[in-house]
Visitor: 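Mind having a look at this structure? Questions to follow.
Within every chain, numbering begins at 1; the chains are lettered A, B, ... in the order of the sequence lines, protein sequences first and strands thereafter.
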Amino acid sequence: MHKRSNEPIVWSLFGAGGVVVAYSMPVFILITGIAVPMGIVSADVLAYDRLAGFAAGWFGKLFLLVIISLPLWQSVHRIFLSLHDFGITGGEVFFRVVLYGAALWGTLLPLYLLIGM
Amino acid sequence: MANNEKTIEIEVLRYRPEEDDKPFLQSFKVPFTDDMSVLQGVQYIKDYLDGSVSFRWSCRMAICGSCGMMINGVPKLSCKTFLREYYPGKITLEALKHFPIEKDLVIDLSDFIGKLESIKPYIVPDAPRALEEGEYLQTPRQLDRIAQFSSCINCMLCYAACPQYGLKPEYLGPAAIALLHRYNEDNRDSAKAERMQLLNAHEGVWGCTLVGYCSEVCPKDVDPAAAINRNKVNSTIDYLLRFVAPRGGN
Amino acid sequence: MSTRKPYVRPMTGWWLKNPVYIRYILRESTAVFVGIYAVILLIGLIRLSSGEAAWNGWIDAMRSPGAILFHCVALGAAVYHAITWFAVAPKVMPPLYFKGEKVPVEKLVTAQYILAGVIYLVLLGLILWS
Ligand code: SF4
Ligand code: FES
C-alpha cells in the first residue's frame with residue numbers, strides 16, 4: 001500500500017549540491033566567468049600549470065569533483081520536479097533516465113578524468 | 001444604522017451543483033463598519049441580499065477552523081480577516097483552492113479527513129497503562145518539541161496554499177504531516193514505525209517541493225513546512241538505516 | 001437521490017497566480033543556470049585533462065560577450081539560489097537548542113550569511129593570492 005520511495009538517494013545528492021552551490025558557486029562564476037574574461041583579475045590565476053598542479057593532488061581532485069558533480073545533481077533534481085509543476089506528467093521514467101543519467105555521467109566522467117590527471 | 005457606515009463590494013464565486021456547470025462570480029454591495037469581519041460580510045449577504053449563498057462557519061474566533069476561504073486569492077480565515085483591510089477596494093471570495101467545490105464557498109473535505117485519520121492522530125501507548133500507575137510525565141523540553149505542531153485547527157488553509165496538493169491530490173499534505181510529526185515526536189507515543197511508512201512513500205514527504213507557502217498562511221504558526229522537511233531528513237535516515245541495522249518486517 | 005456534483009477547478013497557469021508562486025518558480029529556474037555552469041566547468045576539466053592548448057582554448061571561449069553575459073545572469077541566479085537556500089534551511093534542520101532555548105529562525109539565517117561570507121572570502125583569497 002505505502003510503497004517506500006527511493007527519493008532519499010536523489011534528495012541527499014540534491015541537498016549536498018544545494019549547499020555547495022550556495023556556499024561556493026557565486027565565487028567560481030565571478031572568477032571564471034566574469035573577472036578573468038573581462039581582465040579584472042590577471043588570467044594567471046587560472047593558468048594551466050596552476051590548475052593542472054591543483055588537479056594532480058588528491059585534495060584538488062576531490063574539490064573539483066565536488067564542485068562539478070554535486071551542483072549537477074542539484075540542478076537535474078530541481079528540473080525533474082519542475083516538469084511536474086508545469087503539467088508535464090507523462091514520461092517520468094524517460095525524464096528520470098535522461099536527467100539523473102546526465103548527472104551520473106557528470107560524476108563518472110570527471111572521476112575518470114581526475115584519476116588520470 | 002450608524003452614519004459612519006461605508007459600503008464595500010464583495011464578489012463571491014458561486015457554484016450551485018443543481019443549476020450550474022461551472023462557477024461564476026456574483027457581486028454584492030455590503031454596508032459595513034470597521035469592526036466587521038469578512039465572515040460577517042458574507043453573513044450580511046446571506047441574511048439580506050441572497051439567502052442561497054452557502055458557506056461554513058462556527059466559532060467566529062479563529063479556533064474551529066471551518067471558515068477558511070480564498071480572500072483575494074489568499075487562503076485566510078474569514079472570521080479573522082476584516083473588511084476594512086480591503087476598503088475602498090473590492091473583495092473577491094472563492095472556496096478554498098485545490099479542493100472540489102461542493103457549493104459556493106463550501107468545499108468537499110472528505111479527502112483531508114481521510115488523510116487525517118490515516119496518520120493516527122492520537123497517542124498510541126506502548127502498553128495499556130493502569131490508572132494507579134499515574135500520569136505520563138513529560139518535560140517542558142519534550143512538550144516544546146511538539147507544542148507548535150499540536151496547535152493545528154484543521155482549517156486546511158495550508159492545503160489551499162500548496163500547489164503540490166493541487167497537482168497531486170494523493171499527496172498527504174501539510175497539516176496531516178504536521179500532525180503526524182506531532183505524534184511521532186511525542187515521548188508517550190510508540191507508533192512511529194507505522195507512521196514512518198506513510199512518510200516514506202512517494203505520497204508522503206516526497207510530494208513536497210518546499211514552496212513554503214503553507215507555513216506563511218497558517219493562522220496558528222504551526223509551520224507545517226518545517227514538519228514536512230525535517231521528516232525528509234528522518235525518512236532519509238530511515239531509508240539508509242535499513243541497510244545498516246535491518247530490523248526485519250517489511 | 002444525491003444532487004452532489006463537486007466541481008474540481010483546473011490548475012492551469014497556477015504559477016502566475018500568486019507572487020509567492022512566481023518567486024518559487026524563479027527559485028527553481030536557478031537550477032537551469034546552475035546546471036549549465038556545472039557543464040561549463042565539466043568541459044573545462046575535459047580541456048584541462050587534454051593539455052595546455054586545449055585549456056587556453058577554454059579560457060578564450062569564456063571571453064566571448066555571450067559567455068560573459070551568461071555568467072552575469074548565472075551569478076545572479078547563484079546568489080538568488082543562496083538567499084533562498086539559507087531562508088529555508090531552518091525548515092529542514094532539526095531545531096537547535098541553546099541553553100534550553102530554541103534558537104530563533106532569524107539567528108539561524110544570519111549565521112548562514114556570516115558563514116557564506118567567510119567561505120566566499122577564503123575562496124577568493126586562495127584563488128587570487130596564493
Ligand atoms: S497547519 Fe495551520 S493552516 Fe494547516 S490546517 Fe493546521 S492550522 Fe490550518
Ligand atoms: S469561524 Fe471558526 S475559525 Fe473562523
Side-chain angles (χ1 to χ4, degrees), chain B residues 13 15-23 70 72-75 94-104 106-108 110-111 139-141 144-145 147-148 161-169 185 208-217 223-234, chain C residues 1-35 77-78 80-112:
Chain B
L13 191 76
Y15 174 67
R16 302 158 302 176
E18 293 97 333
E19 294 133 83
D20 305 327
D21 285 330
K22 57 180 201 312
M70 308 301 291
N72 287 2
V74 178
E94 182 180 340
L96 284 180
K97 272 258 154 68
H98 309 145
F99 291 97
I101 304 181
E102 194 70 54
K103 179 173 190 284
D104 300 336
V106 174
I107 54 154
D108 175 5
S110 45
D111 178 61
T139 66
R141 171 81 169 265
D144 194 47
R145 291 184 74 85
Q148 152 195 16
C162 176
Q164 299 304 334
Y165 177 62
L167 294 163
K168 314 170 280 215
E185 290 286 294
C208 167
T209 58
L210 224 179
V211 179
Y213 196 30
C214 55
S215 292
E216 274 179 55
V217 303
D223 202 353
I228 299 163
N229 285 280
R230 281 173 200 158
N231 278 296
K232 286 181 186 168
V233 179
N234 293 342
Chain C
M1 193 196 82
S2 167
T3 50
R4 285 190 63 192
K5 197 178 74 185
Y7 181 84
V8 178
R9 284 158 287 179
M11 286 293 285
T12 33
W14 64 269
W15 51 85
L16 291 176
K17 293 194 177 140
N18 190 313
V20 177
Y21 298 155
I22 295 175
R23 268 179 269 136
Y24 162 73
I25 293 293
L26 214 59
R27 182 191 84 187
E28 301 299 285
S29 319
T30 61
V32 174
F33 296 95
V34 167
Y80 190 64
H81 164 89
I83 292 169
T84 52
W85 192 268
F86 299 152
V88 296
K91 299 215 185 291
V92 186
M93 301 179 329
L96 212 66
Y97 286 87
F98 182 72
K99 289 188 183 154
E101 297 279 333
K102 209 181 267 172
V103 182
V105 167
E106 306 77 53
K107 287 219 171 109
L108 294 174
V109 175
T110 313
Q112 294 176 89

Visitor: So, C:Thr3 side chain and B:Glu18 main chain: donor-acceptor pair closer than 3.5 Å or not?
Guide: no
Visitor: Select one option (side chain, backbone, both, neither) describing which atoms of B:Lys103 are under 4.5 Å from chain C's heavy atoms.
Guide: neither
Visitor: When you compare the side chain of C:Trp85 with that of C:Thr30, does any pair of heavy atoms fall below 4.5 Å?
Guide: no
Visitor: Let's test your reading of the structure: which of C:Ile25, C:Val8, C:Val20 forms the most heavy-atom pairs below 4.5 Å with chain B?
Guide: C:Val20
Visitor: Picking from B:Gly73, B:Pro140, B:Ala225, which has the most non-hydrogen pairs under 4.5 angstrom with chain C?
Guide: B:Ala225
Visitor: So what's closer than 4.5 Å to chain C heavy atoms on B:Val233: side chain, backbone, both or neither?
Guide: side chain
Visitor: Can you confirm whether B:Leu167 sits close enough to C:Trp14 that some side-chain heavy atom of one is under 4.5 Å from a side-chain heavy atom of the other?
Guide: yes
Visitor: Measuring heavy-atom distances to chain C, does B:Ala95 have an atom under 4.5 Å in its side chain, in its backbone, in both, or in neither?
Guide: both
Visitor: Measuring only between side-chain heavy atoms, which start at C-beta, is B:Asn72 closer than 4.5 Å to B:Val74?
Guide: no
Visitor: Of the backbone (N, CA, C, O) and the side chain (C-beta and beyond), which part of B:Asp21 lies under 4.5 Å from a heavy atom of chain C, both, or neither?
Guide: both
Visitor: Which heavy atom of C:Arg4 sits nearest to which heavy atom of C:Ser2, and what is that distance?
Guide: N-OG, 3.0 Å
Visitor: At a 4.5 Å cut-off on heavy atoms, which part of B:Gln148 comes close to chain C: side chain, backbone, both, or neither?
Guide: side chain
Visitor: With a 4.5 angstrom heavy-atom cut-off, which part of B:Ser215 approaches chain C: side chain, backbone, both or neither?
Guide: side chain
Visitor: Taking C:Gln112 for its side chain and C:Phe86 for its backbone only, find out whether a donor-acceptor pair lies under 3.5 Å.
Guide: yes
Visitor: Angle between ring planes, C:Tyr7 versus B:Tyr15, binned at 30° and 60°: parallel, tilted or perpendicular?
Guide: tilted
Visitor: Counting heavy-atom pairs under 4.5 Å to chain B, which of C:Lys102, C:Arg27, C:Lys17, C:Arg9 comes out on top?
Guide: C:Arg9
Visitor: Is C:Lys5 reaching over with its side chain to a backbone N or O of B:Pro17, donor-acceptor style, under 3.5 angstrom?
Guide: yes
Visitor: Select one option (side chain, backbone, both, neither) describing which atoms of C:Pro95 are under 4.5 Å from chain B's heavy atoms.
Guide: both
Visitor: Less than 4.5 Å to any heavy atom of chain C: does that hold for the side chain of B:Asp223, its backbone, both, or neither?
Guide: side chain
